[in-house]
Amino acid sequence: MSPSVPLQEMIRAIRSARTQCEERGVIQRECAAIRAQFRQADNGGRSHNLAKLLYVHMLGYPAHFGQMECVRMIASPRYSEKRVGYLGAMMLLDEKQDASLLITNSIKNDLSHSNQYVQSLALCTLACMGSAEMCRDLAPEIDRLLRASNSYIKKKAALCAVHIVRKVHELGELFAPAARSLLAEKNHGVLHGAVVLITELCERNPETLERFRKTVPDLVQIMKGLVISGYSPEHDVAGVSDPFLQVRILRLLRILGRNNEAASDAMNDLLAQVATNTDSTKTVGNAVLYETVLTVLDIKSESGLRVLAVNILGRFLLNNDRNIRYIAMTSLQRIVGTDHNAVQRHRGTIVDCLKDQDASVKRRALELSLALVSATNIRSMMKELLLFLSSCPLELRSQAASGIFNAAERYAPSQRWHIDTILHVLTTAGGDVRDETVPNLIQLITNTSELHCYTVHKLYRALLSDISQQSLVQVACWCIGEYGDLLLRGECQETEPVQVTEDDVLDALETVLQSHMSAPATRGFALTATMKLSTRITDNVDRIRSIVSIYGSCIDVELQQRAVEYNALFKKYDHMRAAVLERMPVIEKNSPGHTNGESTREAVKEVQPAKVKQAETLLPQQPANQVCDLLDLLGGSEEPLQSNPAVGSTVPVLPISTSSTAGGDLLDLLGGLEPTPLTPAPTVTVYEKSGVTLTLSREKQSDSGLTVTLTASNSTDSDISSFTLQAAVPKSVQLHMKAPSGDSLPARGAAKVTQMVVLSNPNKVNLKMRIRISYTSQGSAFQDTVQVDSFPEH
Amino acid sequence: MMRFLLLFSRQGKLRLQKWFTPIPEREKKKIIRDMTTMVLARQPRSCNFLHWKDLKIIYKRYASLYFCLAIENQENELLALEVIHRYVELLDKYFGNVCELDIIFNFEKAYFILDEFLLGGEIQETSKQIVNRCIESSDMLQEYYCEGETDFPGTWRKYHGGVYEQTCILTCGLKGIEITAGEEYRSRMYCI
């Protein structure tokens with residue numbers, strides 16, 4: 001076919017422009033000429049002009065003035081003009097433009113045209129940019145074409161129907177009968193379109209799915225024909241007969257066989273046949289095998305078939321082609337939960353993939369390796385993971401670090417190993433760890449009292465070598481402050497003894513204080529540590545005094561405040577200094593609010609210095625009152641705080657303990673952290689509908705009140721956002737809801753939202769609560785109400 | 001379902017864009033920028049699959065052109081590679097040893113071929129020969145000039161000299177329009 005000369009000349013002119021400015025000039029001139037031509041009456045060159053405009057549009061220049069010309073050309077009787085007109089419509093018009101409505105009539109006429117190529121243009125455009133109104137208008141036409149036309153038109157009509165169903169879901173019913181009958185066609189294009197249409201209908205409507213289950217034997221028959229029959233030149237791709245159709249049929253079988261024994265049985269033989277017969281030397285064969293494996297793993301297949309599928313994935317893992325390894329790991333990730341042992345067999349290969357050059361493969365290998373860590377292989381896996389961490393690309397570091405922490409926490413064979421691992425991670429990737437690592441590590445360290453000496457020695461050495469990793473420095477400062485006396489004592493069973501003088505230690509802390517690399521939070525840690533050492537060392541107390549008074553005039557308000565208060569502790573309250581700065585009690589991880597308590601402990605020192613510090617330093621004078629006032633600010637009907645540190649749900653940081661709810665409130669300033677409930681509080685499920693589950697668990701009970709936690713989770717396949725709870729109680733009961741941990745629920749229960757509710761029931765009436773749940777899922781808002789009549793007993 | 005197909009050169013110049021869902025113009029430009037930076041930054045022998053937002057991006061380099069196809073999460077990536085390869089084969093057959101210049105100077109033909117292969121984000125025709133034949137017939141339809149309507153097979157013969165007769169046989173032979181001798185037949189042919 002002869003090319004369009006005016007178009008090619010223009011393209012040549014544009015390409016020969018040497019600068020951007022020159023190109024713009026050429027294009028402006030051409031556009032002006034095109035505009036003038038559009039305004040003129042019909043001449044022979046209309047399609048050339050529009051083609052030129054489309055080229056200019058592809059370069060990124062505005063071309064909206066061509067929209068009406070497209071509409072006019074579509075209505076033209078000449079095929080060449082129609083062709084370019086429809087192309088322009090697909091490129092320049094979309095359903096948001098008003099001009100798109102004008103072509104509805106043209107499309108309608110062209111759909112009943114006598115020439116199939118004109119019909120195909122109309123079908124193509126409708127499937128590309130048909131809006132919902134256009135689809136509704138033209139759906140009967142498409143249905144007619146589905147039933148009675150030649151195969152060329154039928155296959156296009158089928159895909160047009162798919163587009164219509166995607167735009168207007170209700171019209172699915174209209175096309176179901178026609179789709180059924182299309183399965184009897186011999187033409188592969190029509191078959192393919194029919195399978196896509198049926199897949200779309202089944203995915204949208206479960207009743208349609210039930211009806212189409214009866215087609216499973218037909219589909220199996222078609223597949224068998226494709227797999228077994230001899231070479232067909234028209235559809236053969238590298239030895240596989242029509243892989244595109246095969247993959248589509250396999251996908252439809254997957255949808256039909258899911259959760260259905262009978263259908264799954266009917267396809268077992270076929271799947272086994274495809275899995276064994278398909279040639280896997282080329283990508284095409286692997287594509288079909290991949291789809292087969294996905295289908296086998298998703299339906300209720302027999303165990304032999306599942307083993308076959310996992311073995312195929314194992315073979316993929318050893319393939320030289322990176323793409324194949326990548327998808328093998330993606331699929332293994334999906335089944336690592338259900339077929340854990342089968343995947344464990346391939347652990348070695350997966351760990352090797354951690355060393356692959358390609359970033360995508362590395363990412364997949366990391367996720368899969370983390371999923372495969374178990375109590376038996378923790379040591380060897382951790383070695384590999386730590387090696388990976390030291391050389392991994394930046395974007396994967398934080399994921400690797402948090403994965404390592406989780407694994408270490410769950411499967412640590414010994415405390416010392418655990419601490420070593422965490423220290424190793426902090427030294428290699430300290431900048432990429434999450435904020436709660438610091439308090440978690442501190443809590444871990446305080447718990448292992450026999451290793452305090454070892455830990456503080458190790459941390460001291462790490463501090464000497466590198467003070468740039470903030471998390472590491474913070475932990476080191478805290479430990480030196482706490483266990484400085486152990487450090488100075490010099491001897492330690494676990495490491496070689498090293499002589500550390502008091503000056504050395506103070507030097508180290510001062511370096512941290514003065515270094516420009518230290519974050520403000522780190523400096524706070526260092527200052528507090530220096531202060532704590534005043535009770536643990538004997539000779540250099542004066543030095544500490546002078547450091548503290550210097551910082552009394554520091555520009556950083558936080559440090560200044562601390563220094564001033566510590567100064568006061570030296571001067572006015574010297575008799576209390578020893579008591580205030582004595583060793584911290586063991587911190588226990590007890591209730592859901594508790595881990596947050598830890599993070600608030602240190603963070604609290606940064607964020608809420610005034611309130612908490614006052615409580616700490618002015619402790620003996622006005623204990624209860626101060627902190628009671630504090631709590632009143634935060635609301636709630638908790639009892640005041642005579643409870644001792646060891647009691648479960650309290651934060652024993654301060655010698656006066658604040659209850660966990662206060663800790664929870666302070667936490668809200670820091671944002672929601674996912675609490676890990678470590679003691680199972682008595683829970684009851686109060687609401688379970690459309691995938692959203694709400695449970696209620698009792699936290700605390702007193703004579704006149706009750707604290708409960710509401711936990712929400714989402715087991716559907718789509719994320720939920722703007723999740724809020726509102727509660728109402730009988731008149732005499734007082735209700736106070738704390739801020740929730742978040743308002744979005746990721747799909748498939750990946751994370752939960754918790755909210756604490758405090759009920760005060762002085763009149764001891766029968767406690768009832770009505771909860772309204774509202775959320776947004778898949779773009780639409782939901783609301784529901786549930787009544788809770790009984791609360792879980794202790 | 002496929003979401004979009006982009007072709008761009010090694011310098012990042014766009015050669016073809018096909019969008020299968022309605023997207024505002026500004027967003028299209030942003031997506032094109034994102035895709036070109038992401039794909040051009042990849043190492044030579046790395047994996048052909050990327051993750052971007054909630055889509056999978058399959059890309060392949062053929063000579064100086066990058067083919068970038070975005071598919072939804074439940075689609076088969078290896079098959080998407082085959083789709084790209086099939087499109088390249090179609091272009092190659094049509095243009096004869098296709099190169100980037102062919103696609104630059106005949107971009108509308110590249111679109112027409114794509115529209116015969118993919119439709120509404122799905123594969124339309126799985127046979128190479130049928131797609132090629134359809135393109136050739138459409139091109140023929142565009143080429144030849146004919147006046148007005150012809151009503152009966154008899155009148156056809158009046159035009160049957162040289163080219164018109166050939167065209168008639170071609171379009172009939174494709175089982176698109178079935179003509180039986182003696183039957184009334186009405187058609188129009190369109191011109192440049």
Side-chain angles (χ1 to χ4, degrees), chain A residues 1-4 8 11 15 44 51 54-55 58-60 77-80 82-84 87 94-96 114-117 124 127-129 150-152 155-156 159-160 162-163 188-189 192-193 196 234-235 237 242-245 247 283-284 286-287 290-291 322-323 326-327 357-361, chain B residues 1 14-17 19-20 22-24 29 43 45-51 74 76-79 81-83 86 104-109 111-112 115-116 119-130 134 137-143 174-178 186-192:
Chain A
M1 184 191 144
S2 57
S4 154
Q8 301 215 328
I11 297 179
R15 280 169 64 80
L54 293 178
Y55 183 80
M58 185 149 65
L59 290 177
R78 295 192 187 133
Y79 179 68
S80 57
K82 266 200 208 288
R83 221 180 179 192
V84 184
L87 179 64
D94 59 34
E95 57 184 37
K96 296 194 178 60
S114 48
N115 189 311
Q116 63 177 5
Y117 297 108
C124 188
C128 179
M129 45 81 69
N150 58 48
S151 44
Y152 180 67
K155 74 183 183 209
K156 292 188 193 255
L159 292 176
C160 228
V162 172
H163 175 85
H188 281 220
H192 189 275
V196 175
E234 210 173 314
H235 297 111
V237 181
D242 208 341
F244 304 108
L245 183 58
V247 166
T283 315
V284 212
N286 285 326
Y290 177 43
E291 198 71 28
R322 271 210 182 92
N323 296 333
Y326 178 88
I327 59 156
Q357 304 283 357
D358 184 272
S360 316
V361 172
Chain B
M1 164 179 177
L14 192 67
R15 299 299 176 207
L16 190 142
Q17 53 175 333
W19 305 88
F20 296 110
I23 297 181
K29 292 212 165 87
Q43 302 290 342
R45 266 172 311 130
S46 43
C47 185
N48 290 101
F49 310 136
L50 289 169
H51 258 283
Q74 71 267 30
N76 185 326
E77 295 100 314
L78 294 177
L79 201 72
L81 271 178
E82 286 302 311
V83 167
R86 173 58 68 92
I104 295 173
F105 281 94
N106 299 288
F107 72 96
E108 77 274 21
K109 311 288 189 334
Y111 275 105
F112 296 149
D115 286 336
E116 284 293 332
L119 188 62
E122 305 283 352
I123 301 167
Q124 193 191 141
E125 179 55 65
T126 55
S127 157
K128 266 190 283 190
Q129 290 90 326
I130 294 184
C134 291
S137 312
S138 318
D139 284 348
M140 291 283 196
L141 205 55
Q142 198 166 324
E143 280 287 320
L174 258 187
K175 298 180 230 164
I177 306 167
E178 259 107 51
R186 182 186 285 271
S187 165
R188 259 175 244 182
M189 294 183 66
Y190 297 90
C191 59
I192 300 174

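Protein chains get the first letters and strands the later ones, always in sequence-line order, with residue 1 at the start of each.
- At a 4.5 Å heavy-atom cutoff, the contact between B/I23 and chain A is made by backbone atoms alone.
- In plain terms, the two heavy atoms of A/R322 and B/S46 that are nearest each other are NH1-CA, 4.0 Å.
- With a 4.5 Å cut-off on non-hydrogen atoms, A/M58 touches chain B through its backbone and its side chain both.
- The part of B/L81 that comes within reach of chain A is its side chain, from C-beta onward, which places non-hydrogen atoms under 4.5 angstrom from that chain.
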| said: Pair A/R83, B/E108 - check side chain to side chain contact (heavy atoms under 4.5 Å, CB included), show working. | reply: CA-CA 10 Å; A/R83 221 180 179 192; B/E108 77 274 21; over 6 Å; no
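- Residue contact with chain B, scored on non-hydrogen atoms closer than 4.5 Å, is absent for A/H163.
- Counting heavy-atom pairs under 4.5 Å between each of A/V162, A/V284, A/L59, A/L54 and chain B puts A/V284 at the top.
- For the set A/S360, A/A287, A/A127, A/G189, the entry with the most heavy-atom pairs within less than 4.5 Å of chain B is A/A287.
- Using a 4.0 Å cut-off between a side-chain N of Lys or Arg and a carboxylate O of Asp or Glu, B/D115 and A/K156 do not qualify as a salt bridge.
- You'll find the side chain of B/S137 reaches within 4.5 Å of the side chain of A/Y117, heavy atoms only.
- Of all non-hydrogen atoms in B/F105 and A/Q8, the two that sit nearest each other are O-NE2, 3.2 Å.
- Atoms CD1 and CG, from A/I327 and B/L78 in turn, are 4.0 Å apart once rounded to the nearest 0.5 Å.
- Contact count versus chain A (heavy atoms, under 4.5 Å) is highest, among B/E122, B/M1, B/Q129, B/K128, for B/E122.
- Interatomic distance, A/Q357 CD to B/C47 SG, rounded to the nearest 0.5 Å: 13.5 Å.
- For chain B, the option among A/D358, A/I11, A/V237 with the highest count of heavy-atom pairs below 4.5 Å is A/D358.
- With a 4.5 Å cut-off on side-chain heavy atoms, B/E82 and A/T283 count as touching.
- When heavy atoms are compared at a cutoff of 4.5 Å, B/R86 approaches chain A solely by way of its side chain, counted from C-beta outward.
- Heavy-atom pairs under 4.5 Å with chain A were tallied for B/R45, B/Q124, B/Q17, B/Q43; the largest tally goes to B/Q124.
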| said: Using side chain to side chain contact (heavy atoms under 4.5 Å, CB included), reason through B/E125 and A/F244 one step at a time and then give a plain yes or no. | reply: CA-CA 9 Å; B/E125 179 55 65; A/F244 304 108; over 6 Å; no
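- The part of B/K29 that comes within reach of chain A is its side chain, from C-beta onward, which places non-hydrogen atoms under 4.5 angstrom from that chain.
- Rounded to the nearest 0.5 angstrom, A/E291 CD and B/L79 CG are separated by 7.5 Å.
- Here the NZ-CD1 distance, from A/K155 to B/I130, works out to 6.0 Å after rounding to the nearest 0.5 Å.
- Considering SG of B/C134 and CD of A/Q116, their distance stands at 7.0 Å, rounded to 0.5 Å.
- Contacts of A/N323 with chain B are made by both backbone and side-chain atoms, with heavy-atom separations under 4.5 Å.
- Taking CZ of B/F107 as the reference point, atom CG of A/L87 lies at 7.0 Å (rounded to 0.5 Å).
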| task | Starting from the C-alpha separation in whole Å, work towards a yes-or-no answer on side chain to side chain contact (heavy atoms under 4.5 Å, CB included) for A/E234 and B/T126. | result | CA-CA 9 Å; A/E234 210 173 314; B/T126 55; over 6 Å; no
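- The heavy-atom pair separating A/R15 from B/R15 by the smallest distance is NH1-NH2, 4.0 Å.
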